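Here the structure is a predicted model, which means the values were calculated and not measured.
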Amino acid sequence: MSDIWSWERAWEVLPALLEGFKITLVATVVGMAIASVLGLLVALVRRSGSRWVTVPVGVVVEFIRSTPLLVQLVFAALLLPTVPTLAIGCAVLGVHYATYMSEVYRAGIDAVPRGQWEAATALNLPRGRTWRAVVLPQAIRKTLPGLGNYAISMFKETPFLFAIYVVEMFAAAQNYGANTFSYIEPLTLVGLIFLAASYPTSLLVRRMERRLA
């Protein structure tokens with residue numbers, strides 16, 4: 001067993017992994033913030049009655065969905081060589097997931113009872129206020145479990161950032177393994193840290209889903 005696993009190496013690599021975990025969290029939080037706002041904007045734009053708007057936006061959304069996240073990261077890093085890679089990673093994660101979250105928002109908006117729209121019309125509420133005060137609060141409440149699931153997915157896909165030289169948790173493990181030729185300890189710890197962070201979050205999302213059902 002000692003030839004396969006070393007507690008000494010595990011303790012040695014742990015500080016670097018925790019530093020990488022901070023980067024992982026930053027990428028997830030910033031990427032999720034971008035995806036949440038941009039996804040809502042995309043959902044609203046795609047409800048526009050103008051095909052001159054909805055068709056181009058739809059084409060862009062489908063293109064982003066149909067291409068791998070890893071390819072998008074590398075392409076963006078090559079296209080913007082002077083921009084910090086962490087900023088590129090956060091932006092690409094945000095844009096990529098915004099295309100999926102826009103569908104969650106769309107479903108939430110469609111789930112708002114028709115009577116709510118009719119009541120707002122009967123009260124002569126301006127269109128902007130109808131959206132802000134009536135539609136969006138109800139729609140966003142219904143979308144929270146779906147958004148939570150995408151947040152977990154984004155968190156678990158942050159290791160792709162290693163491709164653009166962002167030293168998040170997985171990249172820190174790879175660097176340690178390359179220097180010491182010992183990969184078992186760092187990669188095992190990375191898996192355990194991801195599990196410890198994502199599994200409780202998934203339970204909270206399920207609980208939220210049941211409460212909002």
[atom1]-[atom2] distance between [X] and [Y], expressed to the nearest 0.5 angstrom:
X    : Y    : atom1 : atom2 : result
I152 : L147 : CD1   : CG    : 11.5 Å
L93  : L73  : CG    : CG    : 6.0 Å
Q138 : T143 : CD    : OG1   : 12.0 Å
L86  : I164 : CG    : CD1   : 8.0 Å
I140 : L144 : CD1   : CG    : 8.0 Å
W11  : L189 : CH2   : CG    : 9.0 Å

Next item on the list: Run the numbers on Y183 and Q174 for side-chain hydrogen bond (donor to acceptor under 3.5 Å, both in side chains), then give the verdict.
Entry: CA-CA 7 Å; Y183 288 91; Q174 288 284 79; 5.3 Å; no
Are [X] and [Y] grouped together when hydrophobic residues (ILVMFWY) are joined by side-chain heavy atoms under 4.5 angstrom apart?
X    : Y    : result
L41  : V135 : no
V92  : V83  : yes
I193 : V29  : no
I34  : V166 : yes
V190 : Y176 : yes

Margin query: Show me the pairs that pass ring-ring contact (aromatic ring centres under 6.0 Å, His included) and involve residues 39-77, at least two apart or across chains.
Written below: none
Nearest atoms (heavy-atom pairs only) where [X] meets [Y]:
X    : Y    : answer
K142 : A111 : CD-CB, 3.7 Å
V30  : C90  : CG1-CB, 3.7 Å
L70  : A163 : CD1-CB, 3.4 Å
R46  : V57  : CG-CG1, 3.9 Å
S66  : E62  : OG-O, 2.7 Å
F162 : P159 : CD2-O, 2.8 Å

Which atom pairs, donor and acceptor, lie under 3.5 Å between side-chain atoms of residues 101-108 and protein residues at least two apart or in another chain?
from: S102; atom 1: OG; to: T99; atom 2: O; distance (Å): 2.8
from: E103; atom 1: OE1; to: R106; atom 2: NE; distance (Å): 2.9
from: E103; atom 1: OE1; to: R106; atom 2: NH2; distance (Å): 3.2
from: E103; atom 1: OE2; to: R65; atom 2: NH2; distance (Å): 3.2
from: Y105; atom 1: OH; to: S36; atom 2: O; distance (Å): 3.0
from: R106; atom 1: NH1; to: D110; atom 2: OD2; distance (Å): 3.0

Item checked: V45/T54 under side chain to side chain contact (heavy atoms under 4.5 Å, CB included): CA gap, chis, key distance, verdict -> CA-CA 7 Å; V45 168; T54 58; 5.7 Å; no
Notebook entry, point to check: Taking only residues at least two apart or on different chains, which pairs with a member in residues 149-160 satisfy side chain to side chain donor-acceptor pair (under 3.5 Å)?
Noted result: Y97-E157
Side-chain polar contacts of residues 13-28 - donor-acceptor pairs under 3.5 angstrom, sequence neighbours left out - could you list them?
from: E19; atom 1: OE2; to: K22; atom 2: NZ; distance (Å): 3.1
from: T24; atom 1: OG1; to: G20; atom 2: O; distance (Å): 3.1
from: T24; atom 1: OG1; to: M169; atom 2: N; distance (Å): 3.4
from: T28; atom 1: OG1; to: T24; atom 2: O; distance (Å): 2.8

Note to self: Quick check against the 3.5 Å criterion: does Q72 have a side-chain atom that pairs as donor or acceptor with the backbone of T67?
What the structure shows: yes
Check: With no hydrogens and no angle check, is any side-chain donor or acceptor of E168 less than 3.5 Å from a backbone partner on A171?
Finding: yes
Margin query: Does the plane of the ring in Y100 sit parallel, tilted or perpendicular to the ring in H96? Use 30° and 60° as the thresholds.
Written below: tilted
Next item on the list: Check whether the side chains of S6 and E185 place a donor and an acceptor atom closer than 3.5 Å, and report yes or no.
Entry: no
Check: Passes side chain to side chain contact (heavy atoms under 4.5 Å, CB included), I109 versus L44? Steps please.
Finding: CA-CA 9 Å; I109 293 171; L44 295 176; 4.0 Å; yes
Check: Around atom CZ of R207, are there more than 12 heavy atoms of other residues, nucleotides or ligands at under 6.0 Å?
Finding: no
Check: With ILVMFWY side chains joined below 4.5 Å, transitively, what does L78's cluster contain besides itself?
Finding: V74
Next item on the list: Give me the other members of the hydrophobic cluster that V71 sits in, counting Ile, Leu, Val, Met, Phe, Trp and Tyr linked by side-chain heavy atoms under 4.5 Å, directly or via other members.
Entry: none
Next item on the list: Could you walk me through whether F155 and M32 pass side chain to side chain contact (heavy atoms under 4.5 Å, CB included), step by step?
Entry: CA-CA 9 Å; F155 173 69; M32 193 63 189; over 6 Å; no
Item checked: Residue pair T188, W5: steps toward the side chain to side chain contact (heavy atoms under 4.5 Å, CB included) verdict -> CA-CA 10 Å; T188 300; W5 176 271; 3.7 Å; yes
